[in-house]
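Accompanying notes for the structure given below.
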Amino acid sequence: MYDVKSLKAEEFISDEEIRETLAYADANKDNVQMVDEILAKARLKKGLTHREASVLLACEMPDKIWEMYDLAREIKEDYYGNRIVLFAPLYLSNYCVNGCVYCPYHSKNKHIARKKLTQEDIVREVTALQDMGHKRLAIEAGEDPVNNPIEYILECINTIYSIKHKNGAIRRVNVNIAATTVENYTKLKDAGIGTYILFQETYHKESYLKLHPTGPKHDYDYHTEAMDRAMEGGIDDVGLGVLFGLEMYRYEFAGLLMHAEHLEAVHGVGPHTISVPRIKRADDIDPDVFDNGISDDTFAKICALIRIAVPYTGMIISTRESQAVREKVLPLGVSQISGGSRTSVGGYDIPETSEDITSAQFDVSDTRTLDQVVNWLMKMDYIPSFCTACYRAGRTGDRFMALCKSMQILNCCHPNALMTLKEYLEDYASPETKQIGLELIERELARIPNEKVRQITADHIHDIAEGQRD
Ligand code: SAM
């Protein structure tokens, strides 16, 4: 059909193939035998093609949908256990030269207060985040070669890593900035970033061109090939995502999986993470932009099917989603969530005033503090994890995928998650959260099958209680 390897990303993720996929899915959505065969393949837990997964997404048979949900839960448990990694976004600058019609950063928006953090601001912001207990950040910036050139981004990363907090440094900085050159990706790699994240927004080229009418982001091919350039530049871990609600979700879902297939075929490693943001109402945005919004049930089905189709890829849910929606999708495959987030530039150090709110990108739905999020996760028997051990041990990219594919990740991630949770409980947690957490650690320690690993973990946890830090 297609020679995945020789085609560029935007050639492979073609409108023609997506339309054929959707027609194929429509034709087969009630075909019980085919749906059962696809589910049988999915039970091998090695993933599905975009066509197979699209048939499942189109299928509306309630009993089959329950099978999909059960399988997604099982895969999540096998590959990721009950750990949920926590992070926070850090907005560096909302200066932007693009004209994205759904984003309040668009260059024509005159209501938004334009802000850019100085290095001193960054020290204050990051210290505030560290005072909450965060160890992992995702930096975000608009695209503006004058106000936010790559040198500024690199300087910010350098500042973040060099901040010496009493409870240790930020251990991983993921980066969500506009598509850039191979040379700049190499600079980001050399600065020690974790994952490079870039949302495709939409794989529907015609809509993409309309939704991004002006600015460098208008170039669909350049944007769609960004992950290839990032990998060429030496970045191991890339994070995909579409902004659900801009176009028809089945189209986006097929495109997203094709993008993952392209990366795996060309670079030998698929995306490290997939984010599933849904469009939110925001300042100076035409309400018509939100016509393709998806229901919470459809959203949950998409999450479950991403988990089934790409079992080795982490899945990220931000505070765009409410507590209730997060509760619904966490068991279906989510591995990372943000907590205590602010989407305004400088929102962590300064309490939100009316002026700060106008610099926010969009309203967050989950406004709880990190302590409340940690408490909530543990009450549902999840282990909130602040772990970045893989990254520090060089287990990224294909090495991480090999570990994940062999399910070995459970053997090292579980103890690491418990140790970082213990640090959090000692250094930051409220008394109630601490109590719940200590009981959880006891229970989870007992679940470590290997006696030697269990003993070493217990010893480290004891040392953390005595004040030792990583
Ligand atoms: N400037 C970078 C770029 O061009 O990709 C990314 C930074 S932007 C702060 C991060 C993401 O926010 C965008 O990729 C977009 O998907 C998302 N976003 C923009 N407007 C949004 C809205 N109204 N609701 C939800 N998410 C939105």
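Everything numeric in this text was worked out from a predicted model, so none of it was measured. One-based numbering, in listed order, for ligands and for the atoms of each. Each residue takes its place number in the sequence, starting with 1.
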I need the nearest protein heavy-atom contact for [atom]: residue, atom name and distance, please.
{"atom": "atom 8 (S) of ligand 1", "answer": "Q361 NE2, 3.5 Å"}
{"atom": "atom 4 (O) of ligand 1", "answer": "K217 NZ, 3.1 Å"}
{"atom": "atom 13 (C) of ligand 1", "answer": "E201 OE2, 3.3 Å"}
{"atom": "atom 6 (C) of ligand 1", "answer": "N176 OD1, 3.4 Å"}
{"atom": "atom 5 (O) of ligand 1", "answer": "L198 CD1, 3.2 Å"}
{"atom": "atom 17 (C) of ligand 1", "answer": "R320 NH2, 3.5 Å"}
{"atom": "atom 21 (C) of ligand 1", "answer": "Y102 O, 4.0 Å"}
{"atom": "atom 22 (C) of ligand 1", "answer": "K280 O, 3.6 Å"}

**OP:** Check whether any side-chain N or O of S54 sits under 3.5 Å from a backbone N or O of H50 as a donor-acceptor pair, and report yes or no.
**Re:** yes
Original post:
Do the side chain of K135 and the main chain of C387 share a donor and acceptor less than 3.5 angstrom apart?
Top reply: no
Original post:
Please, which pairs that meet salt bridge (Lys or Arg N to Asp or Glu O under 4.0 Å) have at least one residue in residues 150-165, sequence neighbours excluded?
Top reply: none
Original post:
Is it the side chain (CB and beyond), the backbone, both or neither of C103 that lies under 4.0 Å from ligand 1, heavy atoms counted?
Top reply: both
**OP:** Provide the number and element of each atom of ligand 1 under 4.0 Å from a heavy atom of E140.
**Re:**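 Counting from 1, the qualifying ligand atoms are 9 (C), 10 (C).
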**OP:** Indicate the ring-plane relationship of H262 and H259, choosing parallel, tilted or perpendicular according to the 30° and 60° boundaries.
**Re:**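 H262 vs H259 ring planes: tilted.
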Original post:
Would you call the rings of Y208 and H223 parallel, tilted or perpendicular if under 30° counts as parallel and over 60° as perpendicular?
Top reply: tilted
**OP:** Taking all heavy atoms of M132 and all of L370, pick out the closest pair and write down the distance.
**Re:** O-CD2, 3.4 Å
Subject >> Atom pair OG/NE2 of S207 and H212 - distance to nearest 0.5 Å >> reply: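 Interatomic distance, S207 OG to H212 NE2, rounded to 0.5 Å: 10.5 Å.
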**OP:** Work out whether the distance between some heavy atom of A141 and some atom of ligand 1 is less than 4.0 Å.
**Re:**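 Yes, A141 has a heavy atom closer than 4.0 Å to ligand 1.
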Subject >> Min heavy-atom dist R278 to ligand 1 below 4.0 Å >> reply: yes
**OP:** Quick one: list whatever passes side chain to side chain contact (heavy atoms under 4.5 Å, CB included) with T49, sequence neighbours left out.
**Re:** K41, R51, E52, E261
